[in-house]
Amino acid sequence: TRAERLARANTLYRPNMYIGLDRVDRDTARDALPEALHIFPHVFAPVSRAEPERVFPSDGRARITFNGLVSPGEPHVIINKDVSMIMQIRVQDYNLGRCSLASAMPDPALLHAQNRTLSLARELVNLEVWELDASAGELDTRRLAWATRPARTALLSNLVVQQAHRAHSAEFACGRTGTLHMFELACPTEAADECAVEFWQEQPETTPRMAITIVQKPSI
């Protein structure tokens with residue numbers, strides 16, 4: 001079954017892809033690194049506390065073409081008082097162990113010209129960023145629901161989502177290359193203000209970018 005295959009994949013040995021880089025002079029190694037690496041999560045899916053068993057579609061923008069089914073991999077971001085987003089990534093590259101979450105929201109006029117939409121409950125929406133327990137391995141998106149989501153382990157930070165604005169959460173150590181991380185973006189439980197965010201997170205090359213990503217920065 002898919003669940004069994006995923007469980008086996010989670011036990012695979014992940015060899016070091018960067019053999020010998022630990023022997024490179026520190027200054028040389030630092031000069032070779034980018035200032036920042038923006039990572040689009042390979043799982044970014046909603047779950048609903050109001051419908052705890054519901055599994056949201058993981059590819060709502062798939063379409064049939066002459067070449068068959070095309071899957072653009074563009075998640076529908078929905079965050080409100082009942083729905084939060086589950087994010088999964090693996091740390092990439094070498095010596096980029098300082099991480100944060102980032103939001104990049106364009107000017108509404110630019111979106112209107114491209115027939116794209118960003119829905120915010122208010123001018124500035126403040127979200128909580130929770131770290132989740134990733135010890136069970138990679139998520140099975142065909143089973144991911146509120147009832148099956150990984151447990152929260154720590155409140156890492158907050159992240160602002162605002163039109164025509166870029167924002168970052170507080171930085172945190174994300175570990176060595178290949179480390180699996182899971183996060184939940186949610187509205188504050190006790191907040192009195194309106195809280196809702198909705199948009200389609202499109203491909204990285206789409207401009208202007210409208211996305212919530214992980215940013216990795218040099219840790220040396």
Side-chain angles (χ1 to χ4, degrees), residues 5-45 58 71-75 77 85-106 127-141 144 149-161 165-185 201-220:
R5 292 196 300 272
L6 189 59
R8 288 197 296 270
N10 285 329
T11 64
L12 291 175
Y13 171 64
R14 294 181 177 273
N16 178 16
M17 298 181 292
Y18 304 100
I19 298 172
L21 288 188
D22 57 326
R23 298 193 296 272
V24 175
D25 173 80
R26 182 185 178 89
D27 291 338
T28 302
R30 177 61 184 87
D31 290 342
L33 293 174
E35 288 302 314
L37 188 64
H38 291 259
I39 308 298
F40 276 60
H42 56 275
V43 172
F44 201 19
S58 60
S71 175
E74 297 176 340
V77 178
M85 293 294 295
I86 305 298
M87 174 187 287
Q88 175 180 284
I89 65 121
R90 283 193 184 274
V91 176
Q92 297 187 21
D93 221 312
Y94 188 75
N95 278 336
L96 292 173
R98 292 164 45 217
C99 289
S100 62
L101 272 72
S103 65
M105 300 296 139
L127 303 176
E128 292 180 341
V129 179
W130 289 86
E131 185 174 26
L132 304 182
D133 181 6
S135 61
E138 294 195 4
L139 296 167
D140 184 350
T141 55
L144 182 60
R149 78 195 194 288
R152 292 176 174 180
T153 58
L155 178 60
L156 284 179
S157 182
N158 291 84
L159 179 65
V160 168
V161 179
H165 184 73
R166 294 175 180 266
H168 288 77
S169 72
E171 282 191 357
F172 54 92
C174 48
R176 59 183 298 182
T177 306
T179 302
L180 182 68
H181 286 283
M182 298 176 192
F183 307 99
E184 181 180 354
L185 277 78
Q201 181 148 309
E202 296 167 325
Q203 295 294 312
E205 62 270 17
T206 303
T207 56
R209 177 172 289 182
M210 180 165 57
I212 296 176
T213 58
I214 296 287
V215 180
Q216 292 182 225
K217 292 184 178 180
S219 51
I220 59 171

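Note: His168 NE2 to Leu159 CG = 9.0 Å, rounded to the nearest 0.5 Å. Atoms CD1 and SG, on Ile89 and Cys99 in that order, are 5.5 Å from each other to the nearest 0.5 Å. With values rounded to the nearest 0.5 angstrom, Glu35 atom CD is found 10.0 Å from Leu96 atom CG. Put simply, OG1 on Thr141 and CD1 on Ile86 are 12.5 Å apart, with the number rounded to the nearest 0.5 Å. To the nearest 0.5 angstrom, Ser100 atom OG is 6.0 Å from Lys217 atom NZ. Note that CG of Leu156 is 9.5 Å distant from NE2 of His181, once rounded to the nearest 0.5 Å.
Under the 3.5 Å distance criterion, the side-chain polar atoms of Glu184 are left unmatched by any main-chain donor or acceptor of Trp130. A distance-only check finds a donor-acceptor pair linking the side chain of Thr153 to the backbone of Glu131 [under 3.5 Å]. A donor-acceptor pair under 3.5 Å is absent between the side-chain atoms of Gln201 and the main chain of Val77, judged by distance alone. In this structure a side-chain-to-backbone donor-acceptor pair under 3.5 Å is present from Ser103 to Val160. Using a distance-only test at 3.5 Å, with no hydrogens or angles considered, no donor-acceptor pair links the side chain of Arg166 to the main chain of Ala104. Listed for the Arg98 side chain is no donor-acceptor partner under 3.5 Å among the backbone atoms of Ser219. Within the 3.5 Å criterion, the main-chain N or O of Asp93 finds a donor-acceptor partner in the side chain of Thr177.
A 4.5 Å side-chain heavy-atom check between Phe172 and Leu101 finds at least one atom pair inside the cut-off. Between Pro204 and Arg209, some side-chain heavy-atom pair lies under the 4.5 Å cut-off. Side-chain contact between Arg149 and Leu144: present, with at least one pair of heavy atoms (C-beta onward) separated by less than 4.5 Å. Taking the side chain as every heavy atom from C-beta outward, Asn95 and Pro218 never approach each other to under 4.5 Å.
With Val43 as the fixed residue, the side chain to side chain contact (heavy atoms under 4.5 Å, CB included) test singles out one of Met85, Glu138, Met87, Gln88: Gln88. Phe183 pairs with exactly one of Ile212, Ile214, Leu132 by the side chain to side chain contact (heavy atoms under 4.5 Å, CB included) rule, that one being Ile214.
Contact record, Val215 with Ala36: CG1-CB, 3.9 Å, taken as the closest heavy-atom pair. Shortest non-hydrogen contact noted between Pro106 and Met210 is CD-CB, 3.7 Å. Across all non-hydrogen atoms, the minimal contact from Gly175 to Thr179 is C-OG1, 4.0 Å.
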